[in-house]
Undergrad: 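Please see the structure below; I have some questions.
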Amino acid sequence: MANMNGLQQNQIKLGDSAKTDLRTQFAALCYRIKDDKIQFCVITSRRTGRWIIPKGWPMDGETPMDAAATEAYEEAGLRGKISPRPVGVYSYYKTRTNEDELPCIAVVYPLKVKRELTKWPEKKQRQRKWLSRKKAAQIVDEPELREIILQFKPD
């Protein structure tokens, strides 16, 4: 389904208990400037190996932006300056172990990477890759995330 701007958007289908079906996650759009060009970090998902950005569930005692920064560390081994202002939201279906799909939205916070660690909690479970804006947008599946990457302007 396209919106007024022509952006392709995933349609989320909610069941009878619509109030409890949709889940929110917080994501980090990790970027750096190298040779005057912006690069984005993408990682593989653990189950399917798709290219995604770090994201996770809300955490007790953490703000949404802090939760996104925590996910960048745990999933990608990246530390940096997280913006308090999200740059967008995208929708997707999270496949769970019992093979049902959970409709989710991810609120995306930009994180300017200052340190790239050689060891991090999920290093053995994921691949990490730095890509140009165009390549990062091509490699992710979600149309809304693709548009967020294409439109992002660093501070």
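For the numbers below, each heavy atom of this structure counts, side chains included, while hydrogens, waters and symmetry mates do not.
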Undergrad: For the atom pair NZ (Lys112) and CG (Leu29), what is the distance rounded to the nearest 0.5 Å?
TA: 13.5 Å
Undergrad: In Å and rounded to the nearest 0.5 Å, what is the CD to CH2 distance from Glu142 to Trp51?
TA: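 Glu142 CD to Trp51 CH2: 14.0 Å, rounded to 0.5 Å.
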Undergrad: Is the side chain of Arg146 donor-acceptor paired with the backbone N or O of Ala137 at a distance under 3.5 Å, no angle test?
TA: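 Judged by distance alone, yes, a pair lies under 3.5 Å.
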Undergrad: Applying a strict under-4.5 Å side-chain criterion to I, L, V, M, F, W and Y, I'd like to know whether Trp120 and Met59 cluster together.
TA: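 Trp120 and Met59: separate clusters.
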Undergrad: Just by modelled atom types, is the Lys55 backbone N or O under 3.5 Å from a matching donor or acceptor in the Glu75 side chain?
TA: yes
Undergrad: If you look at every heavy atom in Thr24 and Trp57, which pair is closest and at what distance?
TA: O-CE3, 3.7 Å
Undergrad: Looking at every heavy atom in both Val87 and Pro110, which two are closest together, and how far apart are they?
TA: CG1-CG, 3.5 Å
Undergrad: I want to check something: taking the side chain as every heavy atom from C-beta on, are Thr63 and Met65 in contact at a cut-off of under 4.5 Å?
TA: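 Side-chain contact under 4.5 Å: yes.
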Undergrad: Closer than 3.5 angstrom, by distance alone: can the side chain of Gln125 be matched with the main-chain N or O of Arg46 as a donor-acceptor pair?
TA: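 Looks like no, no N/O pair under 3.5 Å.
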Undergrad: Working to the nearest 0.5 Å, report the span between CD1 of Ile82 and CD of Glu71.
TA: 11.0 Å
Undergrad: Can you give me the closest heavy-atom contact between Arg126 and Ile52, atom names plus distance?
TA: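 In terms of heavy atoms, the two residues are closest at NH1-CD1, 4.0 Å.
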Undergrad: Quick one: CD on Gln39 to SG on Cys30, what's the gap to the nearest 0.5 Å?
TA: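 Here the interatomic distance stands at 13.0 Å.
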Undergrad: Quick check against the 3.5 Å criterion: does Arg32 have a side-chain atom that pairs as donor or acceptor with the backbone of Lys114?
TA: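 Pair absent, no side-chain N/O of Arg32 close to backbone of Lys114.
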Undergrad: If hydrophobic clusters are built from ILVMFWY residues whose side chains come within less than 4.5 Å, do Leu150 and Val140 share one?
TA: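 In one cluster with Leu150: Val140, no.
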Undergrad: If you define the side chain from C-beta out and look only at heavy atoms, does anything of Pro54 sit under 4.5 Å from Glu74?
TA: no
Undergrad: Just wondering, do Trp130 and Lys34 contact through their side chains at under 4.5 Å, heavy atoms?
TA: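 A side-chain contact is absent here, since even the closest heavy-atom pair is not under 4.5 Å.
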Undergrad: At what distance, to the nearest 0.5 angstrom, does OH of Tyr90 lie from CD1 of Ile53?
TA: 4.5 Å
Undergrad: Any chance you could lay out the side chain to side chain contact (heavy atoms under 4.5 Å, CB included) test for Lys37 and Ser132, step after step, and finish with the verdict?
TA: CA-CA 8 Å; Lys37 293 191 177 161; Ser132 68; over 6 Å; no
Undergrad: Which heavy atom in Phe152 sits nearest to a heavy atom in Tyr31, and how many Å separate them?
TA: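 Between these two residues, the closest heavy atoms are CZ-CE2, 3.6 Å.
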Undergrad: Apply side chain to side chain contact (heavy atoms under 4.5 Å, CB included) to residues Leu117 and Tyr73 and explain how you reach the verdict.
TA: CA-CA 8 Å; Leu117 306 172; Tyr73 162 68; 3.5 Å; yes
Undergrad: Under a single-linkage definition using a 4.5 Å side-chain heavy-atom cutoff for Ile, Leu, Val, Met, Phe, Trp and Tyr, are Ile139 and Ile43 assigned to the same hydrophobic cluster?
TA: no
Undergrad: Between Leu78 and Cys41, is any pair of side-chain heavy atoms under 4.5 Å apart?
TA: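 A side-chain contact exists here, since the closest heavy-atom pair is under 4.5 Å.
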Undergrad: How close do Ala27 and Ala68 get, counting heavy atoms only, and between which atoms?
TA: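 Looking at all heavy atoms of both residues, the closest pair is O-CB, 3.4 Å.
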Undergrad: Hey, what do you get for NZ (Lys129) to CZ (Phe40), rounding to the nearest 0.5 Å?
TA: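 One gets 16.0 Å once the value is rounded to the nearest 0.5 Å.
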Undergrad: Can you name the nearest heavy-atom pair linking Arg133 to Ile38, along with the distance?
TA: NH2-CG2, 3.5 Å
